[in-house]
Amino acid sequence: MTENPKPEMAKAYDPKATEERLYKFWEENGWFTPKIDKDKTPYVIVMPPPNVTGALHVGHAQRIGVEDAFTRWRRMCGDNVLLLPGVDHAGISGETVVERLIWKEEKKTKNDLGREEFLRRVWLWMDKYRDVIDDQIRALGASCDWTRKVFTMDPGPQKAVRTIFKMLFDQGLIYKAERIVNWCPGSRTVISDLEVNMVEEDGFLWHIRYPVKGEEGRYITVATTRPETMLGDTGVAVHPDDERYKDLHGKMLILPLMNREIPVVADEGVEKDFGTGAVKVTPGHDPLDFEIGQRHNLPIINIMNKDASINENGGKYTGLDRFEARKQVVKDLEEQGFLVETKPYHHTVPYSDRANVPIEPLVMMQWWVKIRPLSDPALQAAYDGRVKFVPERFTKVYTQWLENIHDWSISRQLIWGHRIPVWYCRNCGKMTASAEETGPTNCEHCQSADIYQDPDVLDTWFSSGLWPFSTLGWPDKTEDLAYFYPGSVMETAYDIIFLWVARMVMFGIYAMGEVPFHTVYLSGLVRDEKGEKMSKMKGNTVDPLEAVATYGSDALRFTLLTSSTPGVDAKLSPTRMADSRNFANKIWNATRFIALNLPADMPAVPPEDLIIKVEMPLPDRWIISRYHTLVAEVSRLIENYQLGEAGRLIYDFLWSEFCDWYIEASKIRLNSGDEAKKLATQKVLVGVLEGSLRLLHPFMPFVTEELWQNLPHTGEALIIAKWPTPGKRDEEAERQFEALQQAVREVRNAKVEAKVESKRVPAIIATKPESLTLFQTEREILIRLAGIEAGSLEITDNLPTAPAQAMALVTNAATIYLPLSGLLDFEQERTRLGKEIEEARKEVEKSEAMLANPNFVERAPAPVVGKEREKLIAAQERVQKLQERLATLV
RNA sequence: GGGCAGUUAGCUCAGUUGGUAGAGCGCCACGCUUACACCGUGGAUGUCACAGGUUCGAGUCCUGUACUGCCCACCA
C-alpha cells in the first residue's frame, strides 16, 4: 500500500496540508476502484455527467457531496461500491462555445469552415477541456473510479447511441415527420418542448380588421400579439356557435397588406370570449393554428428564414427581421386603416432555453421518438415502486408528466453531437439505419451504393438517457454491465426529472428490460444568501474551489449536506461554512488532545470493543451508551436518505457530549497518576472518537481520515474501515450522568448569577438517599466541572441544618448549598427562589391538569402517562424544597 | 388554468411513525481551567402565517384563507 506520510499534528486543522495528499493516498491504493466479486453486493451510483463547457458550481458540489456520502457509507458497510464519473459533450452549448471562439479569433463561422473542419476544431477544444472539471471533483473529495471515467462522445457511448437508434428505428419507434416544431433562431436548430421557457412579458394585443370579400364595409376583427405573422395567414377561425359570425362561415376575407383571399372557418378550438372571438390562422407559425389548418385543409405558408427574418413569401417585408417586420406591418396597417386598436397586454412568450431568444414555431421535417411504448413501462415502474423517489412527492411530478407526454423531437440541426445513423438512397429514396461505426456501404433496400447520411445530430439528452448502461459497455455484454447494472441510487436535481430521469428509466427498461436504478434521490437547488437562483449572468455564483480554499473541502461539504433536506432548496451562507470549518477544527483538537498523551504501545480500540461493563466508571458507561445511541440513529437516518439530520446528530454528539462533557471529565482520571485508570480512560477516549470518526467520514472525508490515521487503529485507512453497528446501551448510566450534569449546570449558573469572582466555590450537597453513592463516587466531576472548592465539599444524605448564608440549588437528585459567606444578598436570593418556585409551580399545574384528564390517563400510552407522573412528582418535590428554603430565609 | 412546496427565536434553518419546540450565527455577561479564542461557561428571545376540524394531546394529520416561490399548460 502507498504510505500516507503524516506530519505532526498542528495546533489548528489545515485542510490545504491534507486534502490533496489524502486523495492521492486513497486513489493510489485503489480504494475507488471496485473489483468485480460475485460474493459481494454491488452498490452503484452513476454520477450525472457535468457539461464539458462549464466549471462546477456549488450545486454540483452539493450533489457530488451527496453521491460521495452515500458511496462512502456503503463502501464502509462492505458493499462493492462504484461511483462512476463522466462528462457530457453538451450538444448546443458545446457547439456554441467553439463557434464563438472561432469567430473571435478568426472571424469565421462554422459554415465557413465546413462540417469536417469544424468538428476537428471542436474535438481539439474538447481534448483540451474535458478533463478540467476532474480536478474540481477531486477537490471535493469524491471517491469515484477514475479508471472507468466516460465521456458521452467516447466510442462506447457512440456505439450505444447508434445501436438503440437502430433498434427503435427498426421497430418503427423512431420516425420522420413534418410538424410544427420549436425553432430556435439563436442556435439555428429545433429544440424540444422541455427546452422552451415561458417568459412573462408586457406586449400588445393588436386588433386588425379583415374586410369581407364582396360585402363592402363589413369586416372581421381579429386580435393578435404577433401581427407580422399575418403575412402567412391562410384563414380566419371562429367558434361554430358564435352568433356574431355564423353567417360568415365559408365566406372569403381579403387579407390586408397581402391582398390574398382567405376563408372563414368554424373551429371548436376557438374561444368565443377571448379577444374578438375571431382568430387569424397562420398554420406555418403557430401550433394551434397549425392544428386548425390541418382540420380545414388550409395551406401552410412559411414566411420565415432560419434566422427568423421574413422570407420571399413576405411580400414587401422580405428580408426584415421578425421584430422589424412587426413594426412595419403595424405601421402599414394603421396607415391603411386596418388597425382598430392597440391594447397593452401582459402575456407569456416562449423563449429558447438555449439561446435566450423567443423561439419561432415552424413547420419542418424532423425525427421523432414515438414515446408511448417507452413511457408506459416507465410509468408502470413508478406505479409499482420499482423506481422510488426521495422525497416521495416527486413521484407524482414524474407520473403526471409521463401520463401527458408527447412525442419527442430528437433531431438537432447541429454538427457537434451524435449524428443520426440513417442513410438516404439516391436511387430508391429509402432509408437505411445502421449501428456500424462506418455506416452501411449500400442501401439495404436496393443495394445501391449511392447513399448519404442524414446531416442532423441527436438531442444531447438522447445519449444522456443511455448513461446508466452505455457507461458500462452496452450494447456489448461486458462483465461490468452484468455486474453493475442496474444501479442503486440516481442522485440529481429535481429540475431535470423530465429531461433526464424519465428518459433514463424509459431507455433502461427498453434496452435492458430492467429499471436503471431503484431510487431517485433529488437534491434541492443551492441558492445564494438572498435565496436567488445562482447564475453566471447574475454574478452571484459561489465557486466551490474558492469555498474549498477558504474553508476546506470538508467544511463546504458538511455545510451543503447539513443545511439541506432532500428536494428543498437551500441557501448557502459563509457563516455556515465557517461553522463547519470550526467543527473540523474542534474534532482536530479533540483528537490532538487524546493522541498527544497516548502511550507509544497503545493498542487500537475498534468500535466492537466498546462494550459497557458494570465495573466501568460512570462517565465511560455514559459516553459509550450515548455513542451506541448515535450509531443506531445515524445508521437509521442515512438508510432513510436523511443525511442532513444524521450529520447534525454527529456534530452535536462530538461537540457537546464528547468534547464538553466526556473529555472534560476524563481529565480527572488522566491526571490521577493511576496508570491503570489512565489507560482505561484512554481506551474509551480512543474507541468512542474512532467510532465517531467512522460515522462522520461520509460527511467529512478528509479530516476524519487524517485524524483516524493519527489514532491507534487496525486496518489501512478509514475509507475502508467497517461501518459501526450499535451495541447495548446503559440507560441507568445515562440517567445518573444526567443527574450529575444537572447539578453541575446549576452550580455554574448560580456562580454567574451571584457574580462570584472566585473560580472555585465552597459547596454542601444534600442528596436524596438513593443518590448519595452517585455523588460521592463522582465527587471529582463536581469539583472539576462545576468549579467547587475541593476542601469544602461535603456530600451527605443527612443534613440536620441547612447553612444559612448560602444559595440553595434544587435538582431532582439533590439540593446544593453554596455558602457564600458575606457575599449572599438575601433579598436577591429570595427573589431568585421565588422565580424558581413560580416556574416549578407552572410545571406542576401543567402536569396536574393533564393527569386530571381521565381521557389522557386512559387513552394515552402507558409510558407517556408514566413519564408525566414522574414529571409531576419531581416538580412537586422541587416546589416543596424551594419553599422550605425560602421559609428559612425570612 | 392546473399542480407542488415554503411560511418555526433578530438571521439562516432542523424538527418522518402526533406526546407538549431545537441548533448555529448574532446579542448580553463572565472567562487565557496545561486540546481548541476556528475556544469555554452562563443568559435572553417563539399565540411554530391565519381560521376551523380530527384527537386525551397537533409545528407534526384534515379543510379552508393569505402571502412567497417553483413546475406544468396551444387562449390568439
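Every chain is numbered from 1 and lettered A, B, ... according to where its sequence line falls, protein lines coming before strand lines.
The backbone N or O of G673(A) sits nowhere less than 3.5 Å from a side-chain atom of K678(A) that would complete a donor-acceptor pair.
Pairing of C36(B), defined by two Watson-Crick or G-U wobble distances under 3.5 Å, is not identified with any nucleotide. Using Watson-Crick or G-U wobble geometry with both donor-acceptor distances under 3.5 Å, U55(B) finds no partner in any strand shown. A21(B) is unpaired under the Watson-Crick or G-U wobble criterion, no partner having all donor-acceptor distances under 3.5 Å. Applying the Watson-Crick and G-U wobble criteria (two distances, each under 3.5 Å), C50(B) pairs with G64(B). The base-pairing partner of C75(B), taking Watson-Crick or G-U wobble contacts with both distances under 3.5 Å, does not exist among the strands shown. Remark: U45(B) base-pairs with no nucleotide in the shown strands. Criterion, Watson-Crick or G-U wobble with two distances under 3.5 Å.
A donor-acceptor contact closer than 3.5 angstrom links the side chains of T559(A) and S580(A). At a cut-off of 3.5 Å, with distance as the only test, no side-chain donor of H406(A) or D193(A) sits close to an acceptor on the other residue. Between Q828(A) and T831(A), the side chains place no donor N or O within less than 3.5 Å of an acceptor N or O (distance only, hydrogens not considered).
Using a 4.0 Å heavy-atom distance criterion, V222(A) is classed as making no nucleic acid contact. Using a 4.0 Å heavy-atom distance criterion, E271(A) is classed as a base contact. R226(A) comes within 4.0 angstrom of nothing in the nucleic acid, heavy atoms only. Here M198(A) lies out of heavy-atom contact (under 4.0 Å) with every strand. Counting non-hydrogen atoms under 4.0 angstrom, Y345(A) reaches the backbone sugars and phosphates but no base.
Comparing C13(B) with C70(B), their P atoms sit 15 Å apart, to the nearest whole Å. Straight-line distance between the P atoms of U54(B) and A73(B): roughly 41 Å, to the nearest whole Å. Taking the P atoms as reference points, A21(B) lies 38 Å from U33(B), given to the whole Å. U7(B) and U55(B): their C1' atoms are spaced 25 Å apart (whole Å). Rounded to whole Å, the separation between the C1' atoms of C25(B) and C67(B) comes to 27 Å. When the C1' atom is compared between C27(B) and A9(B), the two are found 12 Å apart, to the nearest whole Å. Rounded to the nearest Å, the gap between the P atom of C75(B) and that of A66(B) is 24 Å. If you take atom P in G3(B) and the same atom in G53(B), they sit 26 Å apart, rounded to whole Å.
Between F389(A) and Y398(A), the ring-plane angle classifies as tilted under the 30° and 60° cut-offs.
When distances run from any side-chain atom of R576(A) to the nucleotides U20(B), C74(B), C13(B), the shortest one goes to C13(B). Here the nucleotide nearest the side chain of F856(A), chosen from G3(B), U20(B), A76(B), is U20(B).
Spacing between atom CG of L288(A) and atom C1' of A73(B) amounts to 13 Å, rounded to whole angstrom units. Rounded to whole angstrom, the span from the CG atom of N855(A) across to the P atom of U55(B) amounts to 10 Å. Between the P atom of G57(B) and the CG atom of L851(A) lies a distance of 15 Å, rounded to the nearest Å. E633(A) places its CD atom 13 Å from the C1' atom of G15(B), with the value rounded to the nearest Å. Computed from coordinates, the I497(A) CD1 to C72(B) P distance equals 10 Å when rounded to whole Å. As rounded to whole Å, 11 Å separates atom C1' of A76(B) from atom OH of Y210(A). The distance between atom NZ of K867(A) and atom P of G18(B), rounded to the nearest whole Å, is 15 Å. H347(A) places its NE2 atom 8 Å from the P atom of A76(B), with the value rounded to the nearest Å.
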Kindly determine whether R326(A) and E228(A) satisfy salt bridge (charged side-chain N to carboxylate O under 4.0 Å, His left out), including the steps that lead there. CA-CA 5 Å; R326(A) 179 177 300 173; E228(A) 73 281 10; 2.9 Å; yes

Under 4.0 Å protein heavy-atom contacts per nucleotide of nucleotides 4-9 of chain B, with B for base, S for backbone only and - for none: SS----

Protein-proximity profile, nucleotides 34-39 of chain B, B/S/- by nucleotide at the 4.0 Å heavy-atom cutoff, equals -BB-BS

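Nucleotides of RNA chain B nearest to T276(A) and V864(A) differ in position, and the one nearer the 5' end is that of V864(A). Nearest-nucleotide assignment on RNA chain B puts the 5′-proximal partner with P861(A), out of V279(A) and P861(A).
N182(A) places none of its side-chain heavy atoms less than 4.5 Å from the side chain of E195(A). Counting only heavy atoms from C-beta outward, the side chains of I191(A) and D353(A) never approach each other to under 4.5 Å. Within the 4.5 Å cutoff, no side-chain heavy atoms of T591(A) are placed close to those of Y13(A). Counting only heavy atoms from C-beta outward, the side chains of T681(A) and Y662(A) approach each other to under 4.5 Å. In this structure the side chain of L693(A) reaches within 4.5 angstrom of the side chain of L711(A), judged on heavy atoms.
The shortest non-hydrogen separation linking A590(A) to C659(A) is CB-SG, 3.8 Å.
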